[in-house]
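Below is one structure, written out as structure tokens, with a few remarks after it.
Fair warning: this is a prediction, and the values are worked out from it, not measured in the lab.
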Amino acid sequence: MVKVAVVGATGAVGEVMRLVLDEHKFPYSEIRFLASERSVGKHLEFQGKRFTLLPIAPESFEGIDIVLSSTPASVSKESSPMAAAKGAIVIDNSSAWRMDSQVPLVVPEVNAHALDYIPKGIVANPNCSTIQMVVALKPLHDAAKLKRVIVSTYQASSGKGAKGLQDLDAQVAALGKGEKVPEPTAHAARLAGNVIAHDWKLGDEGFSEEEWKMIKETRKIMGLPELLVCPTTVRVPVRTGHSESINIELENALTVTQAKEILKKSPGIILSDEMAGDITPAPLHCEGRDEVFVGRIRRDPTVPHGLTLWVVADNLRKGAATNAVQIAETLVKRGIVPKKK
């Protein structure tokens, strides 16, 4: 049994982390909840018990084995090394550590082996849109070797946390009443009745920060540093659940039937033809679920070995909290924690 701390316990992802820990019956002997200064001293309920929120400080990590952290990157740069210095392994949900060569970037269904080397005591949880894509791509790569990936995302407002949901809900309510739509506070532009290019933060070669995350993280997780990845990331007026249109070119032939059989047997995936009526997966199907839903698998006739698929997942669960808890479960199962004192 391990001692666990949840950092950012009151945030959108932190709340789901608590839910997933409970649902998965994660084995712990002690659990602590940490939050920002404005929440310290307040209380929350977990599994029928009342807990006082602790500060993000060195003493709060004394004796802890695993830290599940969901904070802004600026906070994580200080808090995660702080916890690791106390002997914990930190599973960090921010973007702060993902591309650090000494920090494994892990999706358990894809590269659990990366957990064999954690020199800084920190494991990075990938970006939500990357996680669901690599879960679907890994078994196809193993079968026929990926050559190129083109992906367009349809990302939910909750990707911006609680403020993103508040933005969308307030705008939709105003539209429904025929009132003036309030200005956005979390998103780059109005989202209700609209779609927006992801954050409009364009960087190298015209790609946004979110798009570069998908390129670099996919290459690192799959161990394919030269993989061709071209993303277009878009925010849509959906509360929960990211959708992705993924077009892949493979080195070797793989039929649609073969691809379906492979995906059907792969961990963490629900294939659309296993759903009632063989319907296309949608955000409403995946909300509250841990699996990645895959459908609309079809041949791309424009290249010799091409396939196109539609992938949907709950961005707060598999895209964040569930993946982090699964990493923790893997650490325990493989005996990496608790460490010998």
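- For the pair Arg148 (side chain) and Leu228 (backbone), a donor-acceptor distance under 3.5 Å is absent.
- At least one side-chain heavy atom of Ile327 sits under 4.5 Å from a side-chain heavy atom of Pro108.
- We find the CG-CG distance between Leu191 and Leu168 to be 5.0 Å, quoted to the nearest 0.5 Å.
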Exercise for the section: Just do the side chain to side chain contact (heavy atoms under 4.5 Å, CB included) check on Lys318 and Asp290 with the steps written out, would you? Expected result: CA-CA 5 Å; Lys318 184 53 184 172; Asp290 291 333; 5.5 Å; no

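- Electrostatic pairing of Lys163 and Asp167 does not count as a salt bridge here, judged by no charged N lying under 4.0 Å from a carboxylate O.
- Considering only heavy atoms from C-beta on, Val107 stays 4.5 Å or farther from Thr130 through its side chain.
- Taking all atoms of both residues into account, the shortest heavy-atom contact from Pro104 to Gln102 is CD-O, 3.9 Å.
- Linking ILVMFWY side-chain heavy atoms closer than 4.5 Å, directly or via other members, places Trp97 and Met17 in two distinct hydrophobic clusters.
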Practice task
Would you sort out whether Glu261 and Lys264 count as a salt bridge (Lys or Arg N to Asp or Glu O under 4.0 Å), showing the intermediate values?
Solution key: CA-CA 5 Å; Glu261 285 302 312; Lys264 188 181 295 184; 3.7 Å; yes

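- Val4 and Val106 end up in the same hydrophobic cluster when Ile, Leu, Val, Met, Phe, Trp and Tyr side chains are linked at under 4.5 Å.
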Exercise for the section: Decide salt bridge (Lys or Arg N to Asp or Glu O under 4.0 Å) for Lys120 and Asp100; before the verdict, give the C-alpha distance in whole Å, the side-chain angles of both, and the deciding distance to 0.1 Å. Expected result: CA-CA 10 Å; Lys120 289 188 175 181; Asp100 188 314; 2.6 Å; yes

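- Shown here is Glu179, whose CD atom has more than 12 heavy atoms of other residues, nucleotides or ligands within 6.0 Å.
- Remark: Arg296 pairs with no residue by the side chain to side chain donor-acceptor pair (under 3.5 Å) rule, at least two apart or across chains.
- Using a 4.5 Å cut-off between side-chain heavy atoms of Ile, Leu, Val, Met, Phe, Trp and Tyr, with links allowed through other members, Phe26 and Leu19 fall into different hydrophobic clusters.
- Taking a cutoff of 4.0 Å between a charged side-chain nitrogen and a carboxylate oxygen, Lys147 and Glu249 qualify as a salt bridge.
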Practice task
Quick one: do Arg239 and Asp169 satisfy salt bridge (Lys or Arg N to Asp or Glu O under 4.0 Å)? Show the steps, please.
Solution key: CA-CA 8 Å; Arg239 297 188 91 252; Asp169 290 346; 2.9 Å; yes

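- The backbone N or O of Thr233 sits less than 3.5 Å from a side-chain atom of Glu211, completing a donor-acceptor pair.
- Ser69 places no side-chain N or O within donor-acceptor distance of the main-chain N or O of Ile91, the cut-off being under 3.5 Å.
- The minimum heavy-atom distance between Ala174 and Pro182, with the atom names listed, is CB-CD, 3.8 Å.
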Problem - side-chain hydrogen bond (donor to acceptor under 3.5 Å, both in side chains) evaluation trace for Gln155 with Asn315 - result: CA-CA 8 Å; Gln155 294 177 229; Asn315 55 295; over 6 Å; no

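- With hydrogens and angles ignored, the 3.5 Å screen pairs no side-chain donor or acceptor of Arg18 with any backbone N or O of Val13.
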Exercise for the section: Any chance you could lay out the side chain to side chain contact (heavy atoms under 4.5 Å, CB included) test for Val16 and Asp314, step after step, and finish with the verdict? Expected result: CA-CA 11 Å; Val16 181; Asp314 185 323; over 6 Å; no

Can I get a per-line list of side-chain donor-acceptor pairs under 3.5 Å for residues 305-312, giving both atom names and the distance, sequence neighbours left out?
residue, atom, partner, partner atom, Å
Thr308, OG1, Asn247, ND2, 2.9
Trp310, NE1, Pro281, O, 2.9

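- Not a single donor-acceptor pair under 3.5 Å links the side chain of Arg190 to the backbone N or O of Gln171.
- Using a distance-only test at 3.5 Å, with no hydrogens or angles considered, a donor-acceptor pair links the side chain of Arg235 to the main chain of Ala156.
- The distance from atom CG of Asn93 to atom CG of Leu68, rounded to the nearest 0.5 Å, is 9.5 Å.
- Of the possible donor and acceptor atoms, one in the side chain of Arg334 sits under 3.5 Å from a partner among the backbone N and O of Ala112.
- Within the 4.5 Å cutoff, side-chain heavy atoms of Met133 are placed close to those of Val151.
- Inspection of the Glu329 and His24 side chains reveals an N or O donor paired with an N or O acceptor under 3.5 Å.
- Between Lys138 and Glu109 there is no salt bridge, since no side-chain N of the basic residue sits under 4.0 Å from a carboxylate O of the acidic one.
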Handout entry: Step-by-step side chain to side chain contact (heavy atoms under 4.5 Å, CB included) determination, Asp65 to Ile89
Key = CA-CA 6 Å; Asp65 299 301; Ile89 290 182; over 6 Å; no

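- No donor-acceptor pair closer than 3.5 Å links the side chain of Asn127 to the backbone N or O of Ser95.
- Considering CZ of Phe293 and OG of Ser243, their distance stands at 11.5 Å, rounded to 0.5 Å.
- Nearest heavy-atom pair, Ser76 versus Ala96, reported as atom, atom and distance to 0.1 Å: OG-CB, 4.0 Å.
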Practice task
Dump the intermediate steps for side chain to side chain contact (heavy atoms under 4.5 Å, CB included) on Glu30 and Met1, then the final yes or no.
Solution key: CA-CA 9 Å; Glu30 181 183 343; Met1 299 277 277; over 6 Å; no

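- By the criterion of side-chain heavy atoms lying less than 4.5 angstrom apart, applied directly or through intervening Ile, Leu, Val, Met, Phe, Trp or Tyr residues, Tyr28 is not grouped with Val7; the two fall into different hydrophobic clusters.
- Separation of atoms NZ (Lys220) and OG1 (Thr218) is listed at 12.5 Å; rounding is to 0.5 Å.
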Problem - Working for salt bridge (Lys or Arg N to Asp or Glu O under 4.0 Å), residues Glu23 and Arg317 - result: CA-CA 12 Å; Glu23 290 178 352; Arg317 290 185 67 106; 2.5 Å; yes

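- To the nearest 0.5 angstrom, Leu53 atom CG is 10.5 Å from Ser60 atom OG.
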Contacts table for residues 36-46: side-chain donor-acceptor under 3.5 angstrom, sequence neighbours left out:
residue, atom, partner, partner atom, Å
His43, ND1, Arg50, NH2, 3.2
His43, NE2, Thr52, OG1, 3.2

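- When all heavy atoms of Ser266 and Ile262 are compared, the closest pair comes out as OG-O, 2.7 Å.
- Once rounded to the nearest 0.5 Å, the distance linking OG of Ser129 with CD of Glu244 reads 6.0 Å.
- With hydrogens and angles ignored, the 3.5 Å screen pairs a side-chain donor or acceptor of Asn125 with a backbone N or O of Ala320.
- Cluster membership check: Leu105 shares its hydrophobic cluster with Trp212, using side-chain heavy-atom separations under 4.5 Å among Ile, Leu, Val, Met, Phe, Trp and Tyr.
- The shortest heavy-atom contact between Leu263 and Pro139 is CD2-CG, 3.8 Å.
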